[in-house]
Number of protein chains: 2
Amino acid sequence: MKEQQTIKATEAEMEILNILWTHGPSTVRDVHDRLAEVKDTGYTTTLKQMQVMHEKQLLTRVAEGKTHVYTAKANKTDAQGQLLKRMIDSVFNGSAMQLVMQALGSHKPSDAELDMIREYLEKKKEVNNN
Amino acid sequence: MKEQQTIKATEAEMEILNILWTHGPSTVRDVHDRLAEVKDTGYTTTLKQMQVMHEKQLLTRVAEGKTHVYTAKANKTDAQGQLLKRMIDSVFNGSAMQLVMQALGSHKPSDAELDMIREYLEKKKEVNNN
DNA sequence: TTTTATCTACGATAATAGTCGTAGATGAAA
DNA sequence: TTTCATCTACGACTATTATCGTAGATAAAA
């Protein structure tokens with residue numbers, strides 16, 4: 001089994017991880033350009049950030065010519081799961097249900113979405129009964 | 001309409017908010033004692049923290065003898081909603097559904113829970129169709 | 001009324017996170 | 001082969017967060 005260390009990223013680091021998850025392996029330049037669309041920090045800031053993330057083992061990288069191509073080490077789903085769990089434990093009294101209900105409550109899902117969940121629940125229930 | 005500023009709390013502040021949400025208005029001593037069960041920081045640290053939170057308008061307080069009794073300004077549900085929204089926007093591509101599915105996926109809900117959601121969804125759907 | 005325990009206020013310090021400038025390396029363009 | 005744009009490395013500096021010690025106020029106990 002591939003061991004899975006806990007992902008502990010700061011706010012700024014999460015932004016970078018998200019970009020890497022969305023766009024795949026990227027250079028600092030790539031990431032910085034995307035970041036620049038929403039925030040306004042210098043190139044070397046992004047560079048440093050990613051170097052630190054590399055040290056922290058959040059990213060892997062391979063040299064390619066004079067640049068480096070970075071990849072998020074954890075996959076998105078695992079990270080989402082961990083964040084979710086942390087959130088459930090800390091603010092939802094450990095109850096995933098409570099979180100789900102609240103998410104559904106404020107989101108106003110469409111009929112299509114509701115059906116999607118319903119279907120999903122059916123499948124779940126079958127599994128429960130096996 | 002009661003205006004609702006965005007709740008921006010650090011990790012340590014969230015711990016305190018949770019205690020106040022769970023146990024209601026409390027003195028620094030109360031909060032500190034509960035905190036002490038899981039972490040190991042001095043009394044004045046908690047005190048300072050809560051004073052800062054008071055300045056930041058996260059808490060209100062009333063004097064009672066020589067002590068202060070603090071109360072969380074935001075209610076828990078609102079705060080949960082905001083955290084959820086932030087999380088959805090930042091790591092779930094803005095899709096509440098994605099978050100719900102993932103939460104259900106890792107939690108393995110019981111039949112009773114599934115029914116509870118199903119029921120909830122039914123009600124939702126009715127509302128949609130009005 | 002004096003002592004003692006406990007409280008607040010406040011400032012200092014430490015730890016963590018975020019920012020950026022500069023120097024030197026490197027490859028592509030002239 | 002010289003120039004130029006772009007890259008990495010590194011250190012320094014700032015901002016934010018977390019921590020705690022000390023001093024003085026206050027109420028309850030002795």
Side-chain angles (χ1 to χ4, degrees), chain A residues 5-20 23 25-72 79 83 86 90-91, chain B residues 5-20 23 25-72 79 83 86 90-91:
Chain A
Q5 89 282 26
T6 47
I7 299 151
K8 196 164 157 36
T10 66
E11 203 56 36
E13 287 170 347
M14 275 306 298
E15 293 185 275
I16 291 175
L17 283 177
N18 266 306
I19 289 174
L20 290 173
H23 298 96
S26 310
T27 64
V28 173
R29 176 62 58 189
D30 292 337
V31 171
H32 177 68
D33 286 350
R34 298 202 191 276
L35 228 38
E37 291 168 13
V38 287
K39 65 194 302 207
D40 180 35
T41 52
Y43 172 83
T44 52
T45 300
T46 306
L47 170 64
K48 179 69 162 191
Q49 204 99 52
M50 290 176 74
Q51 286 172 340
V52 169
M53 290 172 78
H54 178 241
E55 277 168 28
K56 284 202 210 169
Q57 308 269 306
L58 287 170
L59 308 182
T60 59
R61 72 182 186 189
V62 299
E64 190 158 299
K66 71 171 169 177
T67 83
H68 287 152
V69 177
Y70 288 84
T71 307
L83 288 183
R86 240 171 270 159
S90 67
V91 267
Chain B
Q5 89 281 24
T6 48
I7 299 151
K8 197 164 156 39
T10 67
E11 202 56 36
E13 287 170 346
M14 276 305 298
E15 293 184 274
I16 292 174
L17 283 178
N18 266 307
I19 290 174
L20 290 173
H23 299 96
S26 311
T27 63
V28 172
R29 175 63 56 189
D30 293 337
V31 171
H32 176 68
D33 286 350
R34 297 199 191 278
L35 229 37
E37 291 166 14
V38 286
K39 66 195 299 207
D40 180 36
T41 53
Y43 173 83
T44 53
T45 301
T46 307
L47 169 65
K48 179 69 161 192
Q49 205 97 52
M50 291 177 75
Q51 286 171 339
V52 169
M53 290 172 79
H54 179 241
E55 275 168 29
K56 286 203 208 167
Q57 308 271 307
L58 287 171
L59 307 181
T60 59
R61 72 181 186 189
V62 299
E64 191 158 297
K66 71 173 168 173
T67 85
H68 286 151
V69 176
Y70 288 84
T71 307
L83 288 183
R86 239 172 270 159
S90 67
V91 265

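Residue numbers start from 1 in every chain, and the chains themselves are labelled A, B, ... in the order their sequence lines are given, proteins ahead of strands. Being a predicted model, the structure only gives us computed values, none of them experimental.
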Practice problem: Would you check if B/Thr67 and B/Val28 make a side-chain contact, meaning some heavy-atom pair closer than 4.5 Å? | Solution: no
Quiz item: Do the non-hydrogen side-chain atoms of B/Gln51 and B/Tyr70 ever get within less than 4.5 Å of each other?
Solution: yes
Exercise. Flag the pair A/Met14 / A/Leu17 as yes when at least one side-chain heavy-atom distance between them is below 4.5 Å, and no otherwise.
Key: yes
Quiz item: Closest nucleotide of DNA chain C for B/Gln51 versus for A/Thr44: which of these residues is on the 5' side?
Solution: B/Gln51
Exercise. Could you say whether A/Lys66 or B/Glu11 is positioned toward the 5' end of DNA chain D, judged by the nucleotide with the nearest heavy atom to each?
Key: A/Lys66
Quiz prompt | Heavy-atom side-chain contact between A/Leu20 and A/Pro25 under 4.5 Å | solution = no
Quiz item: Could you state the CG-C1' distance from B/Leu47 to D/dG24, rounded to the nearest angstrom?
Solution: 14 Å
Quiz item: To the nearest angstrom, how far is A/Lys48 atom NZ from D/dC13 atom P?
Solution: 14 Å
Quiz prompt | Flag side-chain contact, heavy atom, 4.5 Å: B/Ile16 against B/Met53 | solution = yes
Exercise. Side chain of B/Thr41 only, please: which of D/dT19, D/dC7, D/dT26 is the nearest?
Key: D/dT19
Quiz item: Under a criterion of less than 4.0 angstrom to any heavy atom of chain B, what are the 5'-terminal and 3'-terminal contacting nucleotides of DNA chain C?
Solution: C/dA5 to C/dG11
Self-check item: Enclosure of A/Lys8 NZ (heavy-atom neighbours >12, cutoff 6.0 Å)
Solution: no
Quiz prompt | Residue mapping more 5' on DNA chain C - nearest nucleotide basis, A/Gly65 or A/Thr10 | solution = A/Thr10
Quiz item: Whole Å only: how far is the CE atom of B/Met50 from the P atom of D/dC20?
Solution: 17 Å
Quiz item: With sugar-phosphate meaning primed atoms plus P, OP1 and OP2, does B/Thr45 contact a base, only sugar-phosphate, or nothing at under 4.0 Å between heavy atoms?
Solution: base
Self-check item: Partner of A/Met50 by side chain to side chain contact (heavy atoms under 4.5 Å, CB included), out of A/Thr46, A/Leu47, A/Val52
Solution: A/Thr46
Quiz item: Just wondering, do B/Leu35 and B/Glu15 contact through their side chains at under 4.5 Å, heavy atoms?
Solution: yes
Quiz item: Nearest-Å distance, OH (A/Tyr43) to C1' (D/dA5)?
Solution: 12 Å
Practice problem: Go ahead and write out DNA chain C as dot-bracket, 5' to 3': ( ) for pairs within the strand, [ ] for ones crossing earlier pairs, | when the partner sits on another strand, dots for unpaired; Watson-Crick or G-U wobble, both distances under 3.5 Å. | Solution: ||||||||||||||||||||||||||||||
Exercise. Figure out the NZ/C1' separation between B/Lys8 and D/dT16, and round it to whole Å.
Key: 10 Å
Quiz prompt | Heavy-atom side-chain proximity of A/Leu58 to A/Glu13 below 4.5 angstrom | solution = yes
Quiz item: Rounded to the nearest Å, what distance is computed from the CD atom of residue B/Glu55 to the C1' atom of nucleotide D/dT16?
Solution: 14 Å
Self-check item: Spacing between B/Glu13 atom CD and D/dT16 atom C1', to the nearest angstrom
Solution: 11 Å
